[in-house]
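Indexing begins at 1, ligand by ligand and atom by atom, following the structure's order.
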Amino acid sequence: MAKDFIGVLDSGVGGISVLRKLVCELPHEDFHFFGDSAHNPYGEKTDEEVRTLTRNIIAQMVENGAKAVVIACNTATSAAADAMRDEYDIPIVGVEPALKPACGALPHGRILVMATPVTLRLDKYQQLKSECYSTAEVIEVPCAGLATRIEKGHLDDADLHALLGSLIGCWADKIDGVVLGCTHYPFVTKQIRDVLGDVRFFDGAAGTARQTRHLLEERGLLYKDNHPGKVQLKSSLDTSEQAKLYRWFFEEAPLD
Ligand code: DGL
């Protein structure tokens, strides 16, 4: 089978925030997005569970002919990216919390890192933090429950606002920058600003899209400019409501 598409995966709709950047960066490529909404949230499972779920999705994508895979999920990247790179020789691109750009932009600032409990617990994050030589004050907030609420697509629900209030309300007007360390969170930047006031946001999606282009270019795997790129969206919750929700996140949900 021709190796012709880029597989993009997440535990649900969050990876669509990365997919949108990938499509802008690589408009002539074909993308197959798979969101594992049936098993969301990954960020509150064991490391081993996340690794197994991620491995199964990637195995399927490779079997279907993926020429590269983007793990558009910080949690799955932390738990499984290194193991997947050992197993496959196609490019496997991951995402990581944009802590380095945030520390670079706000060297004397106070930075909140919002991410899932798994992402913040794993060594990969500690490693990343140790590489940020900065005087910025960095505060981690494990945001249990937030991705699950975003999954529903009711981004202006009182319930979601109340959760944000309880997670980060104590930092209102005291924060300079927020690292969106989960790919679901770029869909709620307005709601985060409602709680924190005016802050700068940092997320890794644009960097991931550039890195994907670079790796494919290097291996001569990109389509020519006359190829009309296509996007396929799939969820492990195979219902028409879910398909509509994924479309909405891809085409309409406010981002940036
Ligand atoms: N979107 C995923 C991430 O970037 C996590 C959401 C979840 O907990 O499933 O970490």
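- Counting heavy atoms closer than 4.0 Å to ligand 1, residue Cys182 contributes atoms from both its backbone and its side chain.
- Under a 4.0 Å criterion applied to the non-hydrogen atoms of His184, ligand 1 contributes the atoms 1 (N), 2 (C), 6 (C).
- Checked by distance only, ligand 1 and Ser11 come closer than 3.5 Å through their nitrogen or oxygen atoms.
- Checked for salt-bridge contact, Glu131 and Lys100 meet the test: a charged N lies under 4.0 Å from a carboxylate O.
- In terms of protein heavy-atom proximity, atom 8 (O) of ligand 1 is closest to Gly43 N, 2.8 Å.
- When the side chains of ILVMFWY residues are joined at heavy-atom separations under 4.5 Å, either directly or via intervening members, Ile192 and Val138 end up in two distinct hydrophobic clusters.
- A side-chain contact (heavy atoms from CB on, under 4.5 Å) with Met114 is found for one member of Val179, Ile168, Leu120 and no other, namely Ile168.
- Here the two rings, on Phe249 and Phe187, have centers that are under 6.0 Å apart.
- Regarding atom 2 (C) of ligand 1, its nearest protein heavy-atom neighbour is Cys73 SG, 3.3 Å.
- Side chain of Arg200 to backbone of Val178: no donor-acceptor contact under 3.5 angstrom is found.
- Applying the 4.0 Å criterion to heavy atoms of Tyr42 picks out, from ligand 1, the atoms 7 (C), 8 (O), 9 (O).
- Residue Asn40 approaches ligand 1 through these ligand atoms, each under 4.0 Å from one of its heavy atoms: 7 (C), 9 (O).
- Thr75 OG1, 2.6 Å is the protein heavy atom nearest to atom 10 (O) of ligand 1.
- Checked by atom type, the side-chain pair Tyr185/Ser17 shows no donor-acceptor distance below 3.5 Å.
- Residue contacts with ligand 1: Asn74 is placed with a nitrogen or oxygen under 3.5 Å of a nitrogen or oxygen of the ligand (distance criterion only).
- Ligand-side atoms of ligand 1 in range of Thr116: 5 (C), 8 (O), 10 (O), range being under 4.0 angstrom from any heavy atom.
- At a heavy-atom distance under 4.0 Å, only side-chain atoms of Asp10, from C-beta outward, approach ligand 1.
- A side-chain donor-acceptor contact under 3.5 Å links His184 and Glu151.
- Residue contact check for ligand 1: Pro41 places a non-hydrogen atom closer than 4.0 Å to it.
- Contact check on Glu29 versus Lys230 returns no salt bridge, with no Lys/Arg side-chain nitrogen under 4.0 Å from an Asp/Glu carboxylate oxygen.
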